[in-house]
Amino acid sequence: MASASLLKTSPVLDKSEWVKGHTLRQPSTSAVRCHPVAPSGLTVRASSYADELVKTAKAIASPGRGILAMDESNATCGKRLASIGLENTEANRQAYRTLLVSAPGLGQYISGAILFEETLYQTTIDGKKMVDVLVEQNIVPGIKVDKGLVPLAGSNNESWCQGLDGLAPRSAAYYQQGARFAKWRTVVSIPNGPTELAVKEAAWGLARYAAISQDNGLVPIVEPEILLDGDHGIDRTFEVAKKVWAEVFFYLAQNNVMFEGILLKPSMVTPGAECKDRSTPQQVADYTLSLLRQRIPPAVPGIMFLSGGQSEVEATLNLNAMNQAPNPWHVSFSYARALQNTCLKKWGGRPENVKDAQEVLLIRAKANSLAQLGKYTGEGESEEAKQGMFVKGYVY
């Protein structure tokens, strides 16, 4: 894999240029290959965004900070709103997203925010662009670019992730709107196999997405989520995760993806949600770090773990356990429900509760910031924050 120093460089944008579409350079275009590249010696990427990709990835993987995943589709956001008695309207989605991005001081703990497409182009209830509000907080805007899971023909009732068609022009447009990183989530199901077909499809799709994203200035978050569904033990999760990540990095390399300009969003290595034998945070940390050391090159800047239905406290305790000693990568978080659950309930759709809800969000963000630094104790956590959030067959 070519290092950043071997790649064609380009000027790095400062923060003020992130959202001024008319001042941004046009992204380079490249042909999309449909098959793995035949080995023919070292291939050096010529993306004009190389330096910027590295800078963006390092900015997101900064000490004591992680990612707020607020990229739920409108349908999933509607389910969240329904849980507090609100109708799924654009105005209600806008109000909730405004609450999140405008929480005072959020950028102290949050380095990046993954947005749904509606949010990327949306304004706050005060009429400011959501992207501008994030940048003012020193938070890098990101964008969910996949088009969701669909059945994978020929598999054992497994899924694959769609969205490669038209991804290049969409990514270029997202860059112009101010996005600087992207997210693509595919899943692997242990109870259903996983079959060789499903694992290879997941890895190849992630690799193509990553290459296209980098060609258009977006740092790709690579996310093959190993679902919590099942009653398997932690050793089975570890075995499957090793296979999945081996395939992912094989195809990333074949697609000439620059490892210094990506971020990973793996599942923690835990037992299945229905397994009777539960693991301690130390056990989760030992298994997960062992997986990372065996499969993840140190050139990757950041490992931003998903919570996958763990309780808010459980996800934070496990992250903290992984940061008790130095790691080759920035080991942090990219949480959705594990940051938002108590915040959403505290808000309840009432304007008078916004400040209190934002305070709850900041408490959770700070807790995970401390966990990234290995300094979280778990003291003073509410019972609400300890409630598990696993949903069988969960979709975004």
Side-chain angles (χ1 to χ4, degrees), residues 60-72 76-77 79-81 83-84 95-115 119 133-134 137-140 142 183 265 267-268 270 281 284 302-323 330-350 353-391 394 396:
I60 296 172
S62 55
R65 299 205 296 166
I67 293 173
L68 169 61
M70 47 180 291
D71 58 321
E72 300 90 352
T76 301
C77 190
K79 294 177 183 178
R80 304 273 174 86
L81 294 175
S83 73
I84 57 171
Y96 180 55
R97 290 161 177 166
T98 297
L99 181 159
L100 295 175
V101 302
S102 61
L106 186 64
Q108 182 178 348
Y109 314 116
I110 299 298
S111 55
I114 312 172
L115 310 178
T119 317
V133 175
L134 289 170
Q137 296 235 54
N138 198 29
I139 298 172
V140 182
K183 175 200 154 181
K265 187 169 179 176
S267 315
M268 297 178 189
T270 66
V284 171
I303 316 291
M304 321 300 286
F305 282 100
L306 58 90
S307 55
Q310 300 178 71
S311 75
E312 292 175 325
V313 171
E314 184 182 10
T316 310
L317 285 170
N318 288 340
L319 178 63
N320 185 73
M322 283 186 266
N323 281 297
H330 175 79
V331 175
S332 192
F333 60 93
S334 178
Y335 295 164
R337 287 173 289 170
L339 281 172
Q340 297 181 43
N341 187 53
T342 52
C343 167
L344 177 68
K345 292 181 178 180
K346 176 64 72 172
W347 175 50
R350 299 178 179 277
N353 293 343
V354 166
K355 288 186 179 180
D356 288 343
Q358 289 177 331
E359 182 59 32
V360 169
L361 174 63
L362 292 172
I363 289 171
R364 287 260 49 87
K366 182 178 180 179
N368 286 290
S369 170
L370 290 170
Q372 198 288 311
L373 299 171
K375 299 178 180 179
Y376 172 74
T377 64
E379 295 178 0
E381 291 284 13
S382 68
E383 289 303 313
E384 179 69 40
K386 298 176 183 178
Q387 298 299 311
M389 292 177 283
F390 169 73
V391 177
Y394 182 75
Y396 286 86

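Side-chain contact between Val313 and Tyr376 is present, with at least one heavy-atom pair separated by less than 4.5 Å. You'll find the side chain of Leu115 reaches within 4.5 Å of the side chain of Leu134, heavy atoms only. Proximity of Ile110 to Leu339: side-chain heavy atoms (C-beta onward) are separated by under 4.5 Å at one or more points. Side-chain contact between Met70 and Val101 is present, with at least one heavy-atom pair separated by less than 4.5 Å. Val354 places none of its side-chain heavy atoms less than 4.5 Å from the side chain of Ser102. Side-chain atoms of Thr316 and Arg364, non-hydrogen and from C-beta on, do get closer than 4.5 Å to each other. You'll find the side chain of Ile60 stays beyond 4.5 Å of the side chain of Ser332, heavy atoms only. Using a 4.5 Å heavy-atom cutoff, the side chains of Tyr109 and Leu370 are not in contact.
Listed here is the closest heavy atom pair of Ala103 and Leu361: CB-CD2, 4.0 Å. Listed here is the closest heavy atom pair of Leu319 and Met268: N-CE, 4.2 Å. Here the closest heavy-atom approach between residue Ala336 and residue Glu72 is recorded as CB-OE2, 4.0 Å. Summarising the geometry of Gly349 relative to Ile84, their closest heavy-atom pair is N-CD1, 3.7 Å, with the distance given to 0.1 Å. Scanning all heavy atoms of the two residues, the minimum distance from Leu99 to Ala357 falls at CD1-CB, 3.8 Å. Annotation for Met304 and Arg65: closest pair CE-O, 4.5 Å, computed over non-hydrogen atoms.
Side-chain N or O atoms of Asp356 include none that pairs as donor or acceptor with a backbone N or O of Lys346 at under 3.5 Å. In this structure, the side chain of Ser369 engages the main chain of Gly64 through a donor-acceptor pair within 3.5 Å. Judged by distance alone, the side chain of Gln340 and the main-chain N or O of Ala69 form a donor-acceptor pair under 3.5 Å. Remark: side-chain polar atoms of Ser111 are paired, donor with acceptor, to backbone N or O of Gly66 under 3.5 angstrom. Side chain of Asn320 to main chain of Lys375: a donor-acceptor pair is present (N/O by atom type, distance under 3.5 Å, no hydrogens or angles). Side chain of Gln137 to main chain of Leu106: a donor-acceptor pair is present (N/O by atom type, distance under 3.5 Å, no hydrogens or angles). Between the side chain of Gln358 and the backbone N or O of Leu100, no donor-acceptor pair lies under 3.5 Å. Under the 3.5 Å distance criterion, the side-chain polar atoms of Lys265 are matched with a main-chain donor or acceptor of Ser334.
Not counting sequence neighbours, the partners of Thr119 by the side-chain hydrogen bond (donor to acceptor under 3.5 Å, both in side chains) test are Arg97. Taking the ring pair (Phe, Tyr, Trp, His ring centres under 6.0 Å) definition, one finds that Tyr335 meets it with Phe333, sequence neighbours left out.
A distance of 9.5 Å separates CG of Leu306 from CZ of Arg337, quoted to the nearest 0.5 Å. Distance check, rounded to the nearest 0.5 Å: OG of Ser62 to CG of Asn138 gives 7.5 Å. The line from OG of Ser307 to CD of Glu312 is 9.0 Å long, rounded to the nearest 0.5 Å.
In the model, Asn318 has a side-chain atom that pairs as donor or acceptor with a side-chain atom of Gln310 under 3.5 Å.
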Working for side chain to side chain contact (heavy atoms under 4.5 Å, CB included), residues Phe305 and Met322: CA-CA 11 Å; Phe305 282 100; Met322 283 186 266; 3.6 Å; yes
